[in-house]
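Proteins come first, then strands; the chains are lettered A, B, ... in the order of their sequence lines, and each starts at number 1.
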2 protein chains.
Amino acid sequence: MDISKLKFDEKGLIPAIVQDEKDGTVLMLAYMNKESLQKTLETKEMWYWSRSRKELWHKGATSGHIQKVSEMYYDCDADAILAKVVQVGDIACHTGKRSCFFNRLV
Amino acid sequence: MDISKLKFDEKGLIPAIVQDEKDGTVLMLAYMNKESLQKTLETKEMWYWSRSRKELWHKGATSGHIQKVSEMYYDCDADAILAKVVQVGDIACHTGKRSCFFNRLV
């Protein structure tokens, strides 16, 4: 897979929207650098760059809540990724909730 | 609405995932600054900060493809927004496609 078209920002990151493939629930937004994207494409499991820990992050390596890639897309500007995943354990958020988007604004 | 909890990045921006409320399709990812978020909350239509044009952007003001807010959430880290919208015209992307995520990676 040629990922040279993708635009990483000045920190070398691209945002990835993660959506549950079974019902379309948006689970989280995280960031990938080139290495985590390559590992994701190779392993078909989601890898990110943890901005807080400043390290590669194989999602679920500790918790078991691995995300298996079903489909991945990039957007018209090539600066964002959408991944449809099978969320093992049905929990994506570190709080134990299914989705990180549980705080309502509107 | 108190938006003081939200974390804007060093450029004053927060990413907003936009999802069609009718079937959960992810339409686009765009960025809001504080002013565009306030306008979104006031008008219940999506406003962004255009990073390329460096100006406030009332989505659909030119094309007619306005996005009416149904629900909005922020995530566990308070550094990303999810908006569920009614997409007028059923087209979100400037290319004329419904969603910006039409380029397949996997």
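Here the straight-line distance linking atom CG of B:L29 with atom CG of A:D75 works out to 7.0 Å at 0.5 Å rounding. To the nearest 0.5 Å, the span separating CD on A:E10 from CD on B:E10 amounts to 6.5 Å. For the atom pair A:L82 CG and B:R104 CZ, the distance stands at 10.5 Å (nearest 0.5 Å).
Only the side chain of A:K44 comes within less than 4.5 Å of a heavy atom of chain B; its backbone N, CA, C and O stay farther away. With a 4.5 Å cut-off on non-hydrogen atoms, A:S52 does not touch chain B at all. Only the side chain of A:D77 comes within less than 4.5 Å of a heavy atom in chain B; its backbone stays farther off. Interface residue A:V26: backbone and side-chain heavy atoms are both found under 4.5 Å from chain B. A:Q19 touches chain B through its side chain: at least one heavy atom from C-beta onward sits under 4.5 Å away, while N, CA, C and O do not.
A salt bridge between B:R51 and A:D79 is present, with a side-chain N of the basic residue lying under 4.0 Å from a carboxylate O of the acidic one.
Heavy atoms only, all atoms of each residue included: A:F101 and B:A80 are closest at CE2-O, 3.7 Å. Between A:C76 and B:T95, the shortest heavy-atom contact is CB-CG2, 4.1 Å.
More than 12 heavy atoms of other residues, nucleotides or ligands lie within 6.0 Å of NZ in A:K7, so this atom counts as buried by the packing criterion. Within a 6.0 Å radius of NZ in A:K68, no more than 12 heavy atoms belonging to other residues, nucleotides or ligands are found.
Hydrophobic clustering of Ile, Leu, Val, Met, Phe, Trp and Tyr side chains at less than 4.5 Å, counting indirect connections, keeps B:V86 apart from B:L41. The same ILVMFWY cluster, assembled from side-chain heavy atoms under 4.5 Å apart, contains both A:I17 and A:L13. Both A:I14 and A:I3 belong to a common hydrophobic cluster when Ile, Leu, Val, Met, Phe, Trp and Tyr are linked at side-chain heavy-atom distances under 4.5 angstrom. A:Y31 and A:Y74 fall into different hydrophobic clusters, where Ile, Leu, Val, Met, Phe, Trp and Tyr are joined by side-chain heavy atoms under 4.5 Å apart, directly or via other members. A:L6 and A:Y48 fall within a single hydrophobic cluster, where Ile, Leu, Val, Met, Phe, Trp and Tyr side chains are chained together by heavy-atom contacts under 4.5 Å.
When A:D23, A:I81, A:V69 are compared by the number of non-hydrogen pairs under 4.5 Å with chain B, A:I81 comes out ahead.
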